[in-house]
Visitor: 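Below is a structure I'd like to ask you about.
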Amino acid sequence: RHPLATFFHLFFRVSAIVTYLFCDWFSNSFVACFVTILLLLSFDFWSVKNVTGRLLVGLRWWNQIDEDGKSHWVFEAKRVPTITASTEAEARIFWLGLTICPVIWTMFFFSTLFSLKLKWLALVIAGISLQTANLYGYIHCKLGRQKTISRVTSRLFGTADVPKRQSRRISEDATEEHGKTGTR
């Protein structure tokens, strides 16, 4: 259903890795290689966070700063997952790309460190940071969706009587509303 999103999900990731591996063959300029790889990593981070995560798996995340200057991570998932055969393949590609690339950048970190190519260390750390931030955000999105599904099913199929569930839900809602107005 989303071949273009799937392509770009992998294109920027693979391009950054291939450019890192073979940049010395094509250019003698460290700065040009550094900037090119950093741009590819940034394009990858933005496209995965803002486009491919929504389209391929129905998840998104962002970081929000309130008026007090406190940072809050927000994780979202689609309410009704409609998975067909094509979207299962896309989801599998999404998760494989999301998990394999931080491992590759971690291997680059150790190879850079042990080969004493310390000028590349900042770039490799940026690669690890950007890739891991997306992985962290999407894992929390997926776990949050599973928690909400388990909460909904436990509420529907719970053995407790309805008045107890209603009073508990009302008290939870009141606590959430109080918490929301208290933080702002």
Side-chain angles (χ1 to χ4, degrees), residues 1-66 69-78 81 83 86-147:
R1 288 180 21 178
H2 302 99
L4 194 60
T6 306
F7 171 76
F8 280 110
H9 176 69
L10 295 177
F11 174 75
F12 292 125
R13 291 174 176 267
V14 172
S15 296
I17 290 170
V18 168
T19 305
Y20 176 78
L21 289 173
F22 301 113
C23 194
D24 288 337
W25 290 6
F26 301 111
S27 175
N28 291 332
S29 172
F30 169 74
V31 174
C33 292
F34 190 92
V35 169
T36 303
I37 296 167
L38 196 59
L39 282 173
L40 287 169
L41 287 169
S42 300
F43 292 155
D44 170 61
F45 179 80
W46 182 87
S47 67
V48 170
K49 183 180 165 305
N50 295 314
V51 179
T52 62
R54 288 184 200 181
L55 294 177
L56 300 179
V57 291
L59 303 172
R60 73 179 192 159
W61 65 271
W62 66 91
N63 191 330
Q64 185 176 356
I65 299 177
D66 62 7
K70 293 181 183 176
S71 178
H72 301 282
W73 285 68
V74 182
F75 306 100
E76 278 188 2
K78 277 187 180 176
I83 297 177
S86 65
T87 57
E88 282 183 22
E90 289 174 346
R92 205 170 296 124
I93 289 170
F94 177 83
W95 287 107
L96 280 173
L98 199 66
T99 55
I100 290 173
C101 288
V103 172
I104 292 172
W105 282 103
T106 303
M107 290 187 323
F108 288 162
F109 174 78
F110 289 113
S111 70
T112 302
L113 194 63
F114 293 133
S115 66
L116 297 175
K117 295 182 180 179
L118 300 179
K119 65 181 182 180
W120 292 99
L121 202 57
L123 180 67
V124 172
I125 290 172
I128 291 171
S129 301
L130 292 172
Q131 300 282 325
T132 306
N134 264 333
L135 181 62
Y136 174 81
Y138 282 111
I139 285 175
H140 275 281
C141 287
K142 188 172 183 174
L143 292 177
R145 177 172 61 184
Q146 290 173 350
K147 286 179 185 174

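The basis for the numbers below is simple: all heavy atoms, side chains too, and nothing from hydrogens, waters or symmetry mates.
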Visitor: Would you please classify the geometry between the F34 ring and the F30 ring as parallel, tilted or perpendicular, with 30° and 60° separating the classes?
Guide: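 Because their plane-to-plane angle lies in the 30° to 60° range, the rings of F30 and F34 count as tilted.
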Visitor: Looking at CH2 of W73 and CH2 of W62, how far apart are the two atoms once the value is rounded to the nearest 0.5 Å?
Guide: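 Between atom CH2 of W73 and atom CH2 of W62 there are 12.5 Å.
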Visitor: Quick check for you: to the nearest 0.5 Å, what is the distance between L59 atom CG and E76 atom CD?
Guide: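 With rounding to 0.5 Å, CG (L59) is 10.0 Å from CD (E76).
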Visitor: Any side-chain heavy atom of I17 within less than 4.5 Å of one from F108?
Guide: yes
Visitor: How about F94 and V48: do any of their side-chain heavy atoms sit closer than 4.5 Å?
Guide: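 When only atoms from C-beta onward are counted, V48 and F94 do touch, with a gap below 4.5 Å.
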Visitor: Could you tell me the separation between the NE2 atom of H9 and the OG1 atom of T6, rounded to the nearest 0.5 Å?
Guide: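 The OG1 atom of T6 is 8.0 Å from NE2 of H9, to the nearest 0.5 Å.
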Visitor: For N28, is the CG atom crowded, meaning more than 12 foreign heavy atoms sit under 6.0 Å from it?
Guide: no
Visitor: Mind jotting down which residue pairs meet the ring pair (Phe, Tyr, Trp, His ring centres under 6.0 Å) criterion with at least one end in residues 41-60? Sequence neighbours excluded, please.
Guide: F12-F43
Visitor: Indicate the atoms forming the closest heavy-atom contact of L10 with G97, along with that distance.
Guide: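 Looking at all heavy atoms of both residues, the shortest contact is CD2-CA, 4.3 Å.
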Visitor: Here's a test for you: under side chain to side chain contact (heavy atoms under 4.5 Å, CB included), which of K49, H2, R60 qualifies with R54?
Guide: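 Filter result, single survivor: R60.
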Visitor: How far apart are the closest heavy atoms of A126 and L38, and which atoms are they?
Guide: CB-CD1, 4.0 Å
Visitor: Measuring from L123:CG to I37:CD1, what's the distance to the nearest 0.5 Å?
Guide: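 Taking CG in L123 and CD1 in I37, the distance rounds to 5.0 Å.
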Visitor: As an exercise, state the distance from CZ of F26 to CG of D24, rounded to the nearest 0.5 Å.
Guide: 10.5 Å
Visitor: Return yes if some donor-acceptor pair links the side-chain N/O of E90 with the main-chain N/O of R1 below 3.5 Å, else return no.
Guide: yes
Visitor: Within this structure, what is the CG-CG distance for the pair L121 and L113, rounded to the nearest 0.5 Å?
Guide: 6.0 Å
Visitor: If you look at every heavy atom in L41 and G127, which pair is closest and at what distance?
Guide: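 Minimum heavy-atom separation between L41 and G127: CD1-CA, 3.6 Å.
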Visitor: Quick one, V51 with F8, criterion side chain to side chain contact (heavy atoms under 4.5 Å, CB included). Give me CA distance, side-chain angles, the key distance, then yes/no.
Guide: CA-CA 10 Å; V51 179; F8 280 110; over 6 Å; no
Visitor: Taking the side chain as C-beta and beyond, is there a heavy-atom pair between I128 and F109 under 4.5 Å?
Guide: yes
Visitor: Do the side chain of S27 and the main chain of C23 share a donor and acceptor less than 3.5 angstrom apart?
Guide: no
Visitor: Which atom pair, heavy atoms only, marks the closest approach of L130 to S42?
Guide: CD1-N, 4.3 Å
Visitor: Taking the side chain as every heavy atom from C-beta outward, state whether W61 and N134 have any pair of such atoms under 4.5 Å apart.
Guide: yes
Visitor: With sequence neighbours excluded, give me every side chain to side chain donor-acceptor pair (under 3.5 Å) pair touching residues 102-131.
Guide: R13-Q131, Y20-T112, D44-Q131
Visitor: Tell me the closest heavy-atom pair linking P102 and T132, and the distance in Å.
Guide: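 The pair with the smallest heavy-atom distance is CB-OG1, 4.2 Å.
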